[in-house]
Amino acid sequence: MEYKNIVVAVDGSQASEKAFKKSLDIAKRNHARLILAHVVDSRTFASAEAYDRTLSERADSYAKELLDTYVENAKTAGVTDLVRSVAYGSPKIKIAKDIAQDFEADLIICGATGMSAVERFLIGSVSESITRYASCDVLVVR
């Protein structure tokens with residue numbers, strides 16, 4: 001099977017950096033379009049924004065800078081068919097359902113989390129939710 005549209009979830013963490021590097025190899029091998037997806041988890045700062053109205057502006061700025069860096073790195077590695085996607089909400093839902101469907105993804109690549117067993121039990125991991133709700137293949141990179 002050849003992948004045509006690959007979504008890679010990036011957030012600047014070490015785990016997403018590993019997923020990004022793996023996505024470059026797979027995109028080149030398949031001559032695929034690489035969708036760089038970053039989800040601003042707006043739930044985390046919704047209540048805090050009442051005290052600091054610049055939080056959403058800073059989150060937007062961070063997302064743009066982050067994706068700019070990934071785009072440059074991808075171009076340097078030889079991947080030229082690139083798309084940026086910034087969404088707002090829960091990464092667990094947005095990546096698997098909205099972004100993947102919007103871009104007709106046939107593969108989602110994400111990093112494994114570094115959460116403890118207790119944290120996974122209480123809130124669940126993003127990668128676990130993606131594998132559960134995605135309608136396409138998912139690669140979780142350790």
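Residues take their numbers from the sequence shown, with the count starting at 1. Worth knowing before you read on, the calculation uses all heavy atoms, side chains too, and leaves out hydrogens, waters and symmetry mates.
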Heavy-atom nearest pair, Ala134 first then Ala96, reads N-CB, 3.9 Å
Would you indicate whether Glu2, at its atom CD, is surrounded by more than 12 heavy atoms from other residues, nucleotides or ligands within a distance under 6.0 Å? yes
Under the 3.5 angstrom rule, does the side chain of Arg33 hit a backbone N or O of Ala105 as a donor-acceptor pair? no
Please answer whether the main-chain N or O of Val86 pairs with a side-chain N or O of His38 as donor and acceptor at a distance below 3.5 Å. no
Strictly distance-based, threshold 3.5 Å: is any side-chain N or O of Asn5 a donor or acceptor partner for the main-chain N or O of Glu104? yes
Would you check, one step at a time, whether the test side-chain contact (heavy atoms from CB on, under 4.5 Å) holds for Ile35 with Val8? CA-CA 6 Å; Ile35 298 97; Val8 59; over 6 Å; no
Residues that Lys22 engages under salt bridge (Lys or Arg N to Asp or Glu O under 4.0 Å), provided they are two or more places apart: none
Quick one: pull up NZ in Lys18 and CD1 in Ile109 and give me the separation to the nearest 0.5 Å. 15.0 Å
Going from CG on Asp137 to CG on Leu139, what distance comes out if it is rounded to the nearest 0.5 angstrom? 9.5 Å
Side-chain heavy-atom pair Ile26, Ile6 within 4.5 angstrom cut-off: yes
Please tell me if the side chains of Asp106 and Met1 come closer than 4.5 Å, counting only heavy atoms from C-beta onward. yes
Does the side chain of Tyr70 come within less than 4.5 Å of Glu17's, by heavy atoms? yes
Determine, stepwise, if the pair Phe20 / Leu36 fulfils side-chain contact (heavy atoms from CB on, under 4.5 Å). CA-CA 9 Å; Phe20 171 71; Leu36 301 163; 3.7 Å; yes
Report the distance from atom CZ of Arg132 to atom CD of Glu128, rounding to the nearest 0.5 Å. 4.5 Å
Report whether Tyr62 and Tyr88 are members of the same hydrophobic cluster (ILVMFWY, side-chain heavy atoms less than 4.5 Å apart, transitive linking). yes
Does any part of the side chain of Leu34, heavy atoms only, come nearer than 4.5 Å to the side chain of Ser23, both counted from C-beta? yes
Name all residues meeting the side-chain hydrogen bond (donor to acceptor under 3.5 Å, both in side chains) criterion together with Asn30; count only those two or more places apart in sequence or in a different chain, and write none if there are none. none
Taking the side chain from Lys28 and the backbone from Ala77, do they hold a donor-acceptor pair closer than 3.5 Å? yes
Any donor and acceptor pair, going by atom type alone, linking the side chain of Ser16 with main-chain N or O of Asp11 inside 3.5 Å? yes
Would you check if Val10 and Leu67 make a side-chain contact, meaning some heavy-atom pair closer than 4.5 Å? yes
Result of checking Ile93, Ile108, Val7 against Ile130 for side-chain contact (heavy atoms from CB on, under 4.5 Å): Ile108
Taking atom NZ of Lys94 and atom OH of Tyr133, what is their separation to the nearest 0.5 Å? 15.5 Å
Inter-residue atom distance Leu107.CG - Lys4.NZ, 0.5 Å rounding: 13.0 Å
Of all the heavy-atom pairs spanning Ala112 and Ser127, show the shortest one and how long it is. CA-OG, 4.3 Å
Contacts of type salt bridge (Lys or Arg N to Asp or Glu O under 4.0 Å), residue Lys64, not counting sequence neighbours: Asp68
Roughly how far apart are Leu24 CG and Lys75 NZ, rounded to 0.5 Å? 13.5 Å
Examine distances only and state if a side-chain atom of Asp41 and a backbone atom of Ser90 form a donor-acceptor pair shorter than 3.5 Å. no
Is any side-chain heavy atom of Val39 less than 4.5 Å from a side-chain heavy atom of Ile99? yes
Short side-chain to backbone donor-acceptor contact, Thr76 and Glu72, under 3.5 Å: yes
